[in-house]
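Note sheet for the following structure.
Only this structure's heavy atoms are used, side chains among them; waters, hydrogens and symmetry mates stay out. Keep in mind that what you see is a predicted model, and the values were worked out from it rather than measured. For ligands, and for the atoms within them, numbers begin at 1 and follow the listed sequence.
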Amino acid sequence: MLRTHTCGELNINHVNQHVTLSGWVQKSRDLGGMTFIDLRDFYGITQLAFNMETNDQLCEKARTLGREYVIQISGKVIERENKNPNIPTGEIEILVEELTILNTSKTPPFTIEDETDGGEELRMKYRYLDLRRNPLKKNLRLRHQVSHAVRSYLDELGFTEVETPYLIKSTPEGARDFVVPSRMHPGEFYALPQSPQTFKQLLMVAGYDRYYQIVKCFRDEDLRADRQPEFTQIDCEMSFITQEDILDVFGGMVKHLFKTVKGIELDEIPLLPYSEAMRLYGSDKPDTRFDMTFVELNDVAQGKGFKVFDSVELIVGINAKGCANYSRKQLDALTDFVKRPQVGANGLVYVKYNEDGTFKSSVDKFFTQEDLQQWADKMQAQPGDLLLVLAGEKDKTRKQLNELRLEMGTRLGLRNPNEYKVLWVTDFPLLEWDEDTNRWYAMHHPFTAPKPEDIEKLNTHKGEVRANAYDLVINGVEIGGGSIRIHDRTLQEKMFEVLGFSKEEAEKQFGFLMGAFEYGAPPHGGIAFGFDRLCAVLAGSDSIRDFIAFPKNNAGRDMMIDAPDTISQEQLDELGLMLKK
Ligand code: ASP
């Protein structure tokens, strides 16, 4: 080995030992008689000392070293005069006796320190340099720990990790597929899996009743901040289970991860039905670190002559505790916030519950003090509180108020990244109607089972059919989702029919799965967790990119290898592909 120790492990107990270290020159300082170098490797930083008086040649050589040169040194561990209590090796330094330059380096385009001067794009282009920085090392170590903890938890419970293929068949459901042209079958294409969904179900048919896989998935979705075209899932499936069993096993897994990786004991993970999540938070992934739940005001706010309210489906508000002293400017800012196109409200009604017990609102013309007292009572408001109210069509208004609630949570500092609130959202609708394409879509995916008691409604009230589907939400972020599956050919056929597939289309695309159901498919269900996002949440970060060694940018580009890229005419010909001019 080119070293006896790493740069992170030497301390006062090693004084007087002869050691050899290898690493990168982080920084050097010439102080006349002495030269000091910070030598860095994966494990830490050790200070090297070169003495002009005792070894001027070596010292001169040290002065030629540039940042990021790779060197090997041997020398004696000595106690430092100026100790640095901030790093584990801060009490010692190495008095260098031998120095070998293993490789030189160009000056890096940004500083390789915890706080760097490099912009995002530059750091992505030189990702191998960015990865030398501590924050990224920490993130990738965390990622490693999480995957290790997942594997040991599931292994303990008898799960088998099985790999499923990456070259599969394109299906129109879900997001857009990435496709791969086949050279051997001109005009035919593989697709990269959006998830191993059908394969894991086939494994259930095969009798592998506890499956998991930490697996890459691919979705060709439009650009959105913090989406990666390839990402990693912890994908799981079990047979002979109920929804409760799944929530037990995988709630247990999440608790295990928090405990082993963060040292945090989570409480029992609460369940919140989808309909309640929408009613109380206007979101199927509520951030429950703070309350500020919705209160519906139709019964006290309608019929008072305020036209805007009288004709709407829903009037709903939140109580921003202690905000009655908001200035005109602050209230205008909130109004602007809800009117932004991304939120889309027409306006915002506010009611200040003043400390003296009176009310001051934006609708004083229409509502008496007594009326507003009724609102305040409903919203359990106290003097000093500010009520923020939106009105309109039910689903839209709830979504808008959700945005405002989150904004207020942020403004009031109620979304502490070091606090964790985990919950299951359950009983999702099976189907959702899409106005644009005029058809029903599976809210989770077409293999999700309706609740048995709702199956009848598949013919009459499709929108009311609930699914045995569930999401795991942490701090307002969807971390996992899954469902109990259909395991019966007839019901699966029915589902495709509801989704507007002809018999032939369903057969062509999913015949293999429905065929398998005819050979003794057991009842089964599962879940998949977004592994990158889970790591980010565990680190209290909202950027998944920082937890992926080689991520793509927001435009889906790999800036380092410059992909995607064109291919040669020869390759195109071989694949039988012609580019449209
Ligand atoms: N395959 C699903 C997904 O990727 C998860 C599941 O239902 O297990 O969202």
Tabulated below should be the N or O atoms of ligand 1 paired with protein N or O atoms at under 3.5 Å; can you produce that?
from     : atom 1 : to   : atom 2 : distance (Å)
ligand 1 : 1 (N)  : S195 : OG     : 3.1
ligand 1 : 1 (N)  : Q197 : OE1    : 2.7
ligand 1 : 4 (O)  : R219 : NH2    : 3.0
ligand 1 : 4 (O)  : Q233 : NE2    : 3.0
ligand 1 : 7 (O)  : Q197 : OE1    : 3.4
ligand 1 : 7 (O)  : H444 : NE2    : 2.7
ligand 1 : 7 (O)  : H445 : NE2    : 2.9
ligand 1 : 7 (O)  : R485 : NH1    : 2.8
ligand 1 : 7 (O)  : R485 : NH2    : 3.3
ligand 1 : 8 (O)  : K200 : NZ     : 2.6
ligand 1 : 8 (O)  : R485 : NH2    : 2.8

K457 with E464: basic N within carboxylate O range, under 4.0 Å:
yes

task = Taking only Lys NZ, Arg NE, NH1 and NH2, and the carboxylate oxygens of Asp or Glu, determine whether R533 and E478 approach each other closer than 4.0 Å.
result = no

(Q) Between K508 and E504, does any side-chain N to carboxylate O distance fall below 4.0 Å? (A) no

Between R545 and D532, does any NZ, NE, NH1 or NH2 come within less than 4.0 Å of an OD or OE carboxylate oxygen? no

Those residues at least two apart in sequence (or on a different chain) that pass side chain to side chain donor-acceptor pair (under 3.5 Å) with D114 are N134

Next item on the list: For residues R485 and E237, determine if any side-chain heavy atom of one lies less than 4.5 Å from a side-chain heavy atom of the other.
Entry: yes

